[in-house]
Amino acid sequence: MSSLVYVDSLSVVMISIALMVGGIVARFSKKYMAGDSNSTQYYIRLVGLVLSLLTLSIADNFFLFLGAWGSMNLFLSKLMVHRLTWKAAYKSGVLSFNSLAVGFYSLGLGLLILYGVTDSITISEVMAKTPTDMTFFSMGCLMVTVICQCSLWPMHKWLLSSLNSPTPVSAMMHAGVINGGGFLLLRFSPLYVKTPELLDALCVIGLISAILGTFWKLLQPNIKGMLACSTMGQMGFMVFQCGLGLFPSACAHLFFHGLFKAYLFLNSGSAAQEKRLDFKYPPSAISFLASLGVGLLTPLSFYLITLEPLNFQDTRTFLYFILGITGAQSALPFLRHLSLKNGVLSLSIPLLGGSLYGLLYILFETGLYPSVKLVPQALNVIHLVGAALLFLAWCGILFRDKFPKALYAKLYVLGLNHSQPSKKTVTPHRNDYSYL
Amino acid sequence: MRPPMTEMPPSPSSSEIPLNLSAAWDSIAPFWPLKNLIAVNPLQGLEDLPFEKALEDGARLFQRPSLPPEMEGVNRESIKLLQVYFDEGQSTLMMPNREEGLYLSLFDLILLDSRLHHNKTKTLKWLRGLPKNAEEVIPILLETLEISEYYRETFLKLMLTTLPGWASYVQYKSNWNGNRSGVSVSQMDYVAFRLLITALMWGDGKDLIEWHEKGLVGPYSHGPQDTFNKIEGHESTYATKLLTKLKASPPSPSSSTPEAQFIFCIDVRSGPFRESLEKIGNYETFGFAGFFGLPIEIKNAQTGETYDSCPVLLSPKHTITAPSRRGCDTPDNFQNSKFYRLKSLYQSLKYTFTTPFVLVELSGSLAYFWMLLKSFVPQGASHLKSIGHRGSIPPLQESAVNAIPFQDQCSYAENALRMMGLTRNFAELIFLCGHGSTTQNNIYKTALDCGACGGRHGTTNARVLAYLLNKSEVRNYLANQGIKIPTTTFFMGAHHNTTTDQVQIYPQDLPENRPEEQIKKVKLSLEKAQKDALTHRKMFFTGKESPTSLIAKSLDWSEVRPEWGLAKNGAFIVGPRAQTKSVDLEGQAFLHSYDYKQDPDAGSLEVILTAPMVVAQWINTQYLFSTLDPVAYGSGNKVTLNVTGKIGAMQGNASDLMHGLPLQSVYSDDLTPYHIPRRLLTVVYAPPSHIQPIIDRQPILQKLFRNGWVRLLSIDPDTEAVQALSRNLKWEPYT
């Protein structure tokens, strides 16, 4: 007997974020959207979107899963357009709908293959049978869906063009809809670990998106553009974590990033008041070396909490590595003016951060077991190249003044042009904009 | 008082080009950045025309429903590049070489931009052959575009008016002192840049002229006429009502010396609060420009940053260091504060590669907790936020005030008292109330602050003038000039929060022997007045409101209509308060105190009409046009705005820089205007013979009155006779 729904710890995480962010967005919209003549439709669609997300979180039956997936994306596109009178917003909606539709069809095809192989139409049954035939193809199809949904390179354009949406819609999009891709990967993670080629492909796509997204984020002159590119980078990193087999970590990333980004979008009206501090990069040789020292120590706190082995053999090493860079970076602002207090802070804050990271890691690893399991992979050359890129890119920001000027200008224009929203979604003539 | 239109002297070699340029720029009004949104008439460049004609020309220049698709492409690429050039701190990786100026630095980028030259060898060769100088390149580009001599001026103007918001920002930067901070730009550079993009993207750019000329005979011929009739209807209704009210109420007899006197900004939002306050006790109130006549800039001791705290028509002469809380009064100990450390940790992890991936995981739950607090317990969020900088505000330091030389201290003090007619009958406590708003997450925050203080809070100005008026040396000087202030009189600075109607006073600036008991009593009265004013104000909102819910708006991060600002402004009344005291002005009038009998040479009135009234006219026209067309002259709906470069906002992904007020500032919902579009009605309590010489002397007044941008009425306080100034500047009895 096939079941319609199936609730596990992963569902609980997804339900939580949908309700948590949905609740805030609804509350926020009450005042924010006041006076909008289209608000009834707005709320209907918002509720529709949240219900789709909730259904998706617990769907076991293929049709229910696919239906929830499609309706989520349909509601999203409608929310993005909001009104048909503003041409650019309409085009944003169309672009999103079409991009997400590619993922939808691909998902359908993937599920069809699974059905063909296992003769069952529920996820739980498929998982129980752990098919080995055609897994590469079915999971490949699902990977395409993930790339579309998470707005990864090369399917990122729709997200970068989605800022004609009312602000709360963006919050819901970046905290809910985008996460659908991650959820899909986590749901089918037991099958992905059977296809190391796909894990490597996830690593490559994830890395490219993480690096491009972050690069573009750093050069965006407007707040919402910056947030959109940042999401692309964060989703890239999350998919990269999946490629490393660190599925529980990816789930934590998905969850916390959603909360964080929802806040940043809702708060984007304050962008002009945010004052940027000048960190006087590049740091002096001494403070850079000292920060690297702190970076080497930071993972220790993570180790003491999690007792995960640091063996330089498998992908768990990556967590240590990322934490090390973060530890070094968080020590830097304190190492600028030397004092006892700053010295203490430069060491204690990274260590505290590492411990907290460890706690969250354990929380998600144990909490999600056995729905989502940690399956560390043996380190390979892709992982090492990824680590090198993430490290070099980080150094690149610190020492950007030393970068050759001509090359910087070239990369800058390339980055600027590639991160532009799709042409039709821009409003070049002021009076083409319409709020009615 | 306006700075010169253009700084570029015509060079002998190309004398004609600069001439064309300044004519083209004449139709563009300046747009101040978000850090100090000054109200501006979007048709300021057309004020030389009669109002009706300006409406029509404005429609032709700025309200065209569509643009040729090729020009849209030009705009799209312009917007892309202008955003990065003018970015004042949004991006971490900045555009290179901005110090070279707009044209040169963007030219370097254009050479690398395949979206513009499509890597065509011919185009690249042509680009490389262009002179590296905006002035020299303009004639060449005009030639490339085949613009004939006859159409040059029109074409240059169209380069500006087809992307009006960005042109307005350049007008502010280049012509209104905007180049003092951030990157600088010249009008020449901007025009050259626009021409270059056009030449690259639209070979037949000259077709733009044809498009423009079609618009001249388009369906606009009757649209503006309807609009004008509607405006006139609103105006005559309002004028009749106002005059009836003013006439019906006899001037309230001046009673004995009041217990306290309060001087508020002329801002329309002061009116209702003053009415509430006067009802509560024997209090007298005055209206005066909210910068209190002090041409100062204010320096932040923590960051060293300064801002102008006087009308943009003036340039500041003195730098006052604002009193800041102990422990953060120098850049050094500010950098050691907890707040600064936390912020630097956060920003250092956020704006770089790789570490943001960990940052979001570590701070996601905090962000959620913070959202919950902001959404459901905003009071709590506000408390938590202020933990970093709690503690009482320290008194104003003598050394800070002495940035103004003694001679100037005396003259500012005297001028202020004379201009508002407060030269005798001093109460024991006199409060100078600066004002500012409190709103959260509001892109247009500074549009609600004090316009007379350059779009900032005016409280420091108030405290400084109070300090001066308490100084014995200044008082000695004033006594010699015939203004005798009793030794028992104390002046105090105060802050009127226009969102909550709370008034906070600053007794800490006073010497030790301050009258504590009386101060306490005034504080209580101010609290009562707040409640009364809020009860009255709740009627201005559509939903069910209470004083508490109105105060809550100031802390609500999702609120798009935290207060109505200066919406519904309609009149500027210059006269003694006694004349208007018993009239309900419904918060629609600017009120400037003035007694013509104390101003025999009309010198004060001349200042009032050429400075505060002109500012009031800017505000009035901004609200008027933002209401008439919230897209062409306003910023559109707040919910889809996107802040760019920290200087302005665009609609959605990218658009023109949206200057003007957002929809929510002037409409109570999508379809219902809250503001009533009508031109400013100035009412002066003085006979025409007193006013006329000023008009004869002041071309700006002739322009505004002759062209119908402002209407002027004179009421003789002795005879009650009302006379109106006609468009041909003749006085006629008002009927």
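In the text below, chain A, chain B and the rest are named by the order of the sequence lines, each starting its count at 1.
- Between A:Phe279 and B:Gln347, the closest side-chain pair of non-hydrogen atoms falls below 4.5 Å.
- Here the options are B:His659, B:Gln63, B:Gln651, the test is side-chain hydrogen bond (donor to acceptor under 3.5 Å, both in side chains), and the partner is A:Arg430; only B:His659 passes.
- Interface check for chain B: of the options A:Tyr281, A:Tyr408, A:Tyr412, the most heavy-atom pairs under 4.5 Å are formed by A:Tyr412.
- Within the 4.5 angstrom heavy-atom criterion, atoms from both the backbone and the side chain of B:Asn653 approach chain A.
- B:Ser348 and A:Gln329 are linked by a side-chain donor-acceptor pair at a separation below 3.5 angstrom, with hydrogens and angles left out of the test.
- To the nearest 0.5 angstrom, A:Leu323 atom CG is 7.5 Å from B:Leu362 atom CG.
- Proximity of A:Gln220 to B:Ser91: side-chain heavy atoms (C-beta onward) are nowhere separated by under 4.5 Å.
- Checking B:Lys646, B:Lys35, B:Lys343 one by one against A:Glu274, the salt bridge (Lys or Arg N to Asp or Glu O under 4.0 Å) holds for a single residue, B:Lys646.
- Looking at heavy atoms from C-beta onward, A:Leu277 lies in side-chain contact with B:Tyr340 at the 4.5 angstrom threshold.
- Only the side chain of A:Arg400 has a heavy atom closer than 4.5 Å to any heavy atom of chain B.
- Contacts of A:Met20 with chain B are made by both backbone and side-chain atoms, with heavy-atom separations under 4.5 Å.
- The CG atom of A:Asp432 sits 10.5 Å away from atom CG of B:Asn75, with the distance rounded to the nearest 0.5 Å.
- Interface remark: of the candidates A:Ile24, A:Leu359, A:Thr167, A:Ile24 forms the most heavy-atom pairs closer than 4.5 Å to chain B.
- Separating the CG atom in B:Leu641 from the CG atom in A:Leu163 is a distance of 12.5 Å, to the nearest 0.5 Å.
- Across all non-hydrogen atoms, the minimal contact from B:Val639 to A:Lys224 is O-NZ, 3.9 Å.
- Within a 6.0 Å radius of NZ in A:Lys87, no more than 12 heavy atoms belonging to other residues, nucleotides or ligands are found.
- At a 4.5 Å heavy-atom cutoff, the contact between A:Ser268 and chain B is made by backbone atoms alone.
- The part of B:Met650 that comes within reach of chain A is its side chain, from C-beta onward, which places non-hydrogen atoms under 4.5 angstrom from that chain.
- Between B:Leu359 and A:Thr326, the closest side-chain pair of non-hydrogen atoms is not below 4.5 Å.
- The side-chain heavy atoms of B:Arg115 and A:Gln420, taken from C-beta on, include a pair separated by under 4.5 Å.
- Of all non-hydrogen atoms in B:Gly364 and A:Phe260, the two that sit nearest each other are CA-CB, 4.3 Å.
- Interface remark: of the candidates A:Val21, A:Asn38, A:Ile397, A:Ile397 forms the most heavy-atom pairs closer than 4.5 Å to chain B.
- Proximity to chain A (any heavy atom under 4.5 Å) is restricted, for B:Leu657, to the backbone atoms N, CA, C and O.
- Between B:Lys350 and A:Leu264 the shortest side-chain heavy-atom distance falls below 4.5 Å.
- With a threshold of 4.5 angstrom between heavy atoms, A:Ser165 approaches chain B through N, CA, C or O but not through any side-chain atom.
- Of the inter-residue distances, the one linking B:Asn441 atom CG with A:Leu266 atom CG reads 8.0 Å to the nearest 0.5 angstrom.
- The choice from A:Ser161, A:Ser92, A:Pro168, A:Ser230 that makes the most heavy-atom pairs within less than 4.5 Å of chain B is A:Ser161.
- Residue contact with chain B, scored on non-hydrogen atoms closer than 4.5 Å, involves the backbone and the side chain of A:Lys275 alike.
- For the residue pair B:Thr640 and A:Pro166, the shortest heavy atom distance occurs at CG2-N, 3.8 Å.
- Looking only at heavy-atom pairs under 4.5 Å with chain A, the residue among B:Thr672, B:Leu111, B:Leu81, B:Asp113 that has the most is B:Asp113.
- Residues A:Phe28 and B:Trp557 are in side-chain contact: their nearest non-hydrogen atoms beyond the backbone lie under 4.5 Å apart.
- For B:Leu349, the parts lying under 4.5 angstrom from a heavy atom of chain A are both the backbone and the side chain.
- Atom-to-atom distance recorded for B:Gln440:CD and A:Gln273:CD is 9.0 Å, nearest 0.5 angstrom.
- Using a 30° and 60° split on the angle between ring planes, A:Phe215 and B:Phe353 fall in the parallel class, below 30°.
- A salt bridge is absent between B:Asp108 and A:Lys405; no separation between the charged side-chain nitrogens and carboxylate oxygens falls under 4.0 Å.
- For A:Ala210, the parts lying under 4.5 angstrom from a heavy atom of chain B are both the backbone and the side chain.
- With a 4.5 Å cut-off on non-hydrogen atoms, A:Val413 touches chain B through its side chain but not through its backbone.
- With a 4.5 angstrom heavy-atom cutoff, A:Lys30 does not touch chain B via any of its atoms.
- For B:Pro356, the parts lying near chain A are the backbone and the side chain together; criterion is any non-hydrogen pair under 4.5 Å.
- Ranked by heavy-atom pairs shorter than 4.5 Å toward chain B, the options A:Asn164, A:Leu414, A:Leu356, A:Leu416 are led by A:Asn164.
- The choice from B:Asn642, B:Asp669, B:Leu109 that makes the most heavy-atom pairs within less than 4.5 Å of chain A is B:Asn642.
- Contact count against chain A (heavy-atom pairs under 4.5 Å) is highest for B:Met94 among B:Lys638, B:Met94, B:Lys374.
- Residue contact with chain A, scored on non-hydrogen atoms closer than 4.5 Å, involves the backbone and the side chain of B:Leu67 alike.
- Here A:Leu218 contributes atom CG and B:Gln90 contributes atom CD; the two are 11.0 Å apart, rounded to the nearest 0.5 Å.
- A distance-only check finds a donor-acceptor pair linking the side chain of A:Tyr433 to the backbone of B:Asn637 [under 3.5 Å].
- Note: B:Met658 leads B:Lys553, B:Lys445, B:Gln664, B:Met658 in heavy-atom pairs under 4.5 Å with chain A.
- Ranked by non-hydrogen atom pairs under 4.5 Å with chain B, the options A:Leu254, A:Leu436, A:Val426, A:Val169 are led by A:Val426.
- Among B:Ser114, B:Pro630, B:Gly73, B:Ser78, the residue making the largest number of heavy-atom pairs under 4.5 Å with chain A is B:Pro630.
- Under the 3.5 Å distance criterion, with hydrogens and angles disregarded, no donor-acceptor pair is assigned to the side chains of B:Thr644 and A:Asn222.
- Judged purely by atom type and a 3.5 angstrom limit, B:Thr354 uses its side chain to pair as donor or acceptor with the backbone of A:Leu390.
- A donor-acceptor pair under 3.5 Å is absent between the side-chain atoms of B:Ser558 and the main chain of A:Tyr32, judged by distance alone.
- Within the 4.5 angstrom heavy-atom criterion, atoms from both the backbone and the side chain of A:Ala34 approach chain B.
- A donor-acceptor contact closer than 3.5 angstrom is absent between the side chains of A:His429 and B:Glu72.
- Contact annotation: the side chain of A:Thr214 never approaches that of B:Thr352 to less than 4.5 Å [non-hydrogen atoms, C-beta and beyond].
- Ring geometry for A:Phe237 against B:Phe357 counts as parallel: the plane angle stays under 30°, on a 0 to 90° scale with 60° as the upper cut.
- Under a 3.5 Å cut-off, the side chain of A:Asn431 and the backbone N or O of B:Phe62 do form a donor-acceptor pair.
- When each of B:Val643, B:Leu163, B:Asp656 is scored by its heavy-atom pairs under 4.5 Å with chain A, the top score falls to B:Val643.
- Neither the backbone nor the side chain of A:Ala228 comes within contact range of chain B; no heavy atoms are under 4.5 Å apart.
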